[in-house]
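Here is how names work: the chains are called A, B, and so on, in the same order as the sequence lines, proteins then strands, and each is numbered from 1.
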Number of protein chains: 2
Amino acid sequence: MKDVAARAGVGLKTVSRVVGGEPGVTPETERRVQEAIEALGFRRNDSARVLRKGRTASVGLVLEDLADPFYGPLSRAVEEVARAHGALLVNGSSAEDPERERELVLALCARRVDGLIVIPAGDDHRYLEPEIRAGVATVFVDRPAGRIDADVVLSDSFGGAREGVAHLIAHGHRRIGFIGDHPRIHTATERLRGYRAAMAGAGLPVDDSWVSLGSTEPGRVTGAATAMLAGPEPVTALFAGNNRVTVTVVRVLAGTSRPVALVGFDDFELADLLRPGVTVVAQDAAALGRVAADRLFQRLAGAAPAPARVELPTRLIPRGSGELPPA
Amino acid sequence: MKDVAARAGVGLKTVSRVVGGEPGVTPETERRVQEAIEALGFRRNDSARVLRKGRTASVGLVLEDLADPFYGPLSRAVEEVARAHGALLVNGSSAEDPERERELVLALCARRVDGLIVIPAGDDHRYLEPEIRAGVATVFVDRPAGRIDADVVLSDSFGGAREGVAHLIAHGHRRIGFIGDHPRIHTATERLRGYRAAMAGAGLPVDDSWVSLGSTEPGRVTGAATAMLAGPEPVTALFAGNNRVTVTVVRVLAGTSRPVALVGFDDFELADLLRPGVTVVAQDAAALGRVAADRLFQRLAGAAPAPARVELPTRLIPRGSGELPPA
DNA sequence: TTGAAAGCGCTAACAC
DNA sequence: GTGTTAGCGCTTTCAA
C-alpha cells in the first residue's frame with residue numbers, strides 16, 4: 001500500500017480510501033491510485049485490516065465429518081448465509097473426538113473468527129466460556145452444548161423416532177429392534193427415548209436384546225442386526241438411528257430371506273429406488289444450517305437474546321420398507 | 001499479552017516465549033506467566049501473529065458445491081493433510097460460477113492463505129498470476145487451470161470413459177448414448193472424447209442424437225435420456241457422465257419396461273444395492289484431495305518443481321447394469 | 001479533499 | 001534468562 005501511494009504520488013490514507021471504497025476522493029485522484037494498484041498488482045492484506053478493525057468477517061464451522069453426506073448440505077447452507085453477510089467459512093472435522101473438537105474450536109477462536117457454529121462431539125464446553133465472554137457468538141447445531149448455556153438448533157429426534165416406531169407398531173409389529181449411535185451422542189439417546197415412548201405408548205414391552213447403541217461402524221451394526229434377527233423370537237422390524245446405520249441395515253436385510261420391516265432416521269439419496277423403498281424419518285439438514293447461521297448473524301449484528309433452543313420438525317416418508325407386515 | 005506481562009511482572013517477550021513454546025524461560029517464570037494467562041483468560045491473537053510472521057497456517061479450498069457427495073471425501077482428505085501440517089481449511093463453493101470462483105479465490109488471497117486448492121469453474125485463471133508470483137502455492141484438482149501453467153491433479157476421465165463404453169460394447173451394444181455435464185467443463189469433454197474413442201475403436205458410428213451434454217439438472221437429463229430411448233432405433237445402453245447424471249438416469253430406467261444397460265462415471269453409495277447393481281467407472285475422490293494437498297505442502301515447504309499434471313487411474317466396477325445384453 | 005501520526009497485538013533482532 | 005525496540009500493513013484520529 002505504501003508502494004501504491006508512492007507510485008500514485010498520494011498519501012497512504014488516500015489509497016486506503018480508494019481500496020476501502022470510502023468517499024471523499026476526487027475521481028482524478030482515484031484514477032491515479034487505481035492505475036498504480038493495477039501496475040503493482042496490489043491486493044490489500046486483510047490480516048492487517050483485521051488486526052486494526054477487530055473483525056475477521058469469517059465464521060468457524062466445526063462438525064463431525066465433512067465427508068458425511070448429512071453434513072454436506074448443512075455446511076453449504078451455513079456457507080450461503082455467511083456469504084450473504086460477506087463472511088467466509090473456516091471449517092474442520094472433529095472426527096467425533098472431544099479433544100480434537102476443543103483444539104479446533106480454540107484454534108478458530110485464536111484466529112478471531114467472528115462467530116462459531118459447532119456440532120459438538122464432547123459434552124463439556126466450559127472451555128468456551130472465556131471466548132463467549134470475549135464476544136465470540138456461538139451457536140450449536142444438531143446436539144446441545146454441554147454444561148454451558150448457549151443457542152442450539154436441532155431436529156426433533158425424540159418426536160421423530162417416536163413417530164417412526166409408532167408407524168411400525170401401526171403396521172402390526174410388536175417386536176421392534178433399535179440400533180443407534182454411541183450413547184455419548186445426544187441424538188442417539190433422544191431417539192432411543194422416542195423408541196421407548198412409542199413402545200410404552202402402545203403398551204409393548206421392550207426386551208433388552210432389542211436395543212443396541214454403539215459405534216456406527218458397519219461391523220458393529222451388522223452384528224447387532226444379525227443378533228436381533230436370530231433366535232426363536234426375532235424382531236420383525238428394525239428402527240435405525242441414523243443414515244449410516246440405516247445403510248448398513250439395508251445391506252443386512254438384502255441378505256435375509258424373510259422380509260423385515262425397517263424405518264430409518266435421516267433421509268438419504270436413492271432411498272426411494274431400493275426395493276422396497278426405505279421408509280425414513282427425514283430431517284432437513286440444510287434448514288438446520290440455515291437457521292443456526294441466521295441466529296449467529298443476528299447475534300453478530302448486535303442482538304443479544306437469551307440463549308434459546310430451536311427444534312425443527314421431522315417428517316415421516318413412507319416408501320415401503322416401513323409398511324411391511326410382520327413376517 | 002501486555003496485561004499478562006504486567007500481571008506476571010515480566011516483559012512482553014517472555015510471555016511471547018511462553019505462549020509460543022520457545023525455550024529459554026525458567027520453569028518458575030513460566031509458571032507465573034501461565035498463572036497470569038489462566039487468570040486473565042488470555043488467548044493469543046493469531047491475526048497479529050500472522051501479520052508479523054507472514055504465514056497464516058491456513059489453506060483455501062474452492063470447490064463447486066460442498067453438498068455434492070463427490071466433494072465431501074475430497075474436502076475431508078485435504079483437511080486431514082492440512083491438519084497434519086498444522087493448517088486450517090478455509091473453503092467456499094463456487095456453484096460452478098466462474099465469477100463467483102474468482103471472487104472467492106481473491107478473497108482467500110486477500111486473507112493471505114498460504115496455499116490454494118481449486119476445483120475450477122472458470123476457464124481463464126490469468127487473474128491468479130499476480131498471486132502465484134506473490135508466493136501463493138496453488139494446485140488445481142479435478143480439472144486443469146485455464147490459460148495459466150499450474151499443478152493439476154485429476155482422474156483419467158478419458159481412459160475411464162473409454163473403458164466404460166468399451167465394456168458396454170463388449171457386452172454386445174452398438175447403439176450407446178452418452179449423457180454428460182456442460183461442455184464448458186473439462187471432465188465432460190474428456191469423457192465424451194473417451195466415449196468417441198471407444199466407439200471408433202470398435203468401428204461403430206456415433207449418431208448425433210446419441211450424445212447430449214448440458215446441465216446435470218434432473219429435468220434436462222431426464223429429457224435427454226427419454227429421447228434417446230424413444231423412436232424406432234433407440235439406444236440399448238447409456239453411459240452417464242457423472243454421479244448426478246447417473247442417479248437421474250437410474251430413476252428414468254426404473255420406469256422403463258425394456259432393460260437398458262448403464263455404466264456411470266463416479267461411484268456412489270448404494271450403487272451395489274440397486275437392482276440391477278449399477279456398474280460404474282469409479283474415481284477416488286479422497287485420493288484426488290490427498291495428492292493435491294501433498295503437492296501443495298511440498299511447495300509450501302520450499303520445493304519449487306515445474307507445474308505438473310498428475311492423472312489418477314479409474315476403476316471399472318461391474319455390478320450388473322453394465323452387463324445387461326442389448327434388448 | 002487530503003495526509004501525518006499513532007497504534008491494533010504480536011514477534012525478530014538485539015541488547016542486557 | 002530476560003527485556004527493549006522496531007515494525008508487520010492497515011485504519012483511525014485529527015489536523016491541514
Base, sugar-phosphate alone, or nothing: which one does [X] contact when heavy atoms must sit under 4.0 Å apart?
{"X": "Val50(A)", "value": "nothing"}
{"X": "Val25(A)", "value": "sugar-phosphate"}
{"X": "Val10(B)", "value": "sugar-phosphate"}

> Using a distance-only test with no angle check, is there a side-chain donor-acceptor pair under 3.5 angstrom linking Thr56(B) and Asp114(B)?
Replying inline: yes
> Side chains of Ser157(A) and Glu190(A): is there a donor and an acceptor less than 3.5 Å apart?
Replying inline: no
> If each of Gly24(B) and Ala48(B) is mapped to the nucleotide of DNA chain D with the nearest heavy atom, which maps nearer the 5' terminus, i.e. the 5' end?
Replying inline: Gly24(B)
> Starting at the 5' end of DNA chain D and moving along, which residue's nearest nucleotide shows up first, Leu51(A) or Pro27(B)?
Replying inline: Pro27(B)
>> Using the rule given for side-chain contact (heavy atoms from CB on, under 4.5 Å), can you reason through Arg143(A) versus Ile119(A), listing the C-alpha separation, both sets of side-chain angles and the distance that settles it, and then say yes or no?
In response: CA-CA 6 Å; Arg143(A) 313 165 187 170; Ile119(A) 294 163; 4.2 Å; yes
Looking only at heavy atoms, which two atoms of [X] and [Y] are closest? And how far apart?
{"X": "Arg112(B)", "Y": "Arg43(A)", "result": "NH2-O, 3.1 Å"}
{"X": "Gln283(B)", "Y": "Ser155(B)", "result": "OE1-OG, 2.5 Å"}
{"X": "Pro69(B)", "Y": "Pro73(B)", "result": "O-CD, 3.1 Å"}

>> Over the length of the helix from dT1(C)-dA16(D) to dC16(C)-dG1(D), how much do the five-pair end axes diverge, rounded to 10 degrees?
In response: 30°
Report yes if at least one side-chain N or O of [X] is closer than 4.0 Å to OP1 or OP2 of [N]; otherwise report no.
{"X": "Thr14(B)", "N": "dG1(D)", "answer": "no"}
{"X": "Thr26(A)", "N": "dT1(C)", "answer": "no"}
{"X": "Ser16(B)", "N": "dC10(C)", "answer": "no"}

Taking the side chain as everything from C-beta on, heavy atoms only, tell me whether [X] gets closer than 4.5 Å to [Y].
{"X": "Val33(B)", "Y": "Phe42(B)", "result": "no"}
{"X": "Val10(A)", "Y": "Val25(A)", "result": "no"}
{"X": "Leu300(B)", "Y": "Arg55(B)", "result": "yes"}

> In terms of ring plane angle, is the pair Phe297(A) and His85(A) parallel, tilted or perpendicular, where the classes change at 30° and 60°?
Replying inline: parallel
Over how many whole Å does the gap from [X] atom [atom1] to [N] atom [atom2] extend?
{"X": "Arg49(A)", "N": "dC10(C)", "atom1": "CZ", "atom2": "P", "result": "21 Å"}
{"X": "Leu12(A)", "N": "dC8(C)", "atom1": "CG", "atom2": "P", "result": "18 Å"}
{"X": "Arg55(A)", "N": "dG9(C)", "atom1": "CZ", "atom2": "C1'", "result": "19 Å"}
{"X": "Asp3(B)", "N": "dC8(C)", "atom1": "CG", "atom2": "C1'", "result": "14 Å"}

Could you list the protein-to-nucleotides 12-16 of chain C atom pairs, N/O on both sides, closer than 3.5 Å?
from: dA12(C); atom 1: OP1; to: Lys53(B); atom 2: NZ; distance (Å): 3.2

> Could you give the distance from OG (Ser94(B)) to CG (Asp65(B)), rounded to the nearest 0.5 Å?
Replying inline: 8.5 Å
> Do any of residues 33-47 of chain B sit with a heavy atom less than 4.0 Å from DNA chain C, and if so which?
Replying inline: Phe42(B), Arg44(B), Asn45(B)
>> With side-chain contact (heavy atoms from CB on, under 4.5 Å) as the test, pick out the partner of Val153(A) among Leu296(A), Ile117(A), Val139(A).
In response: Val139(A)
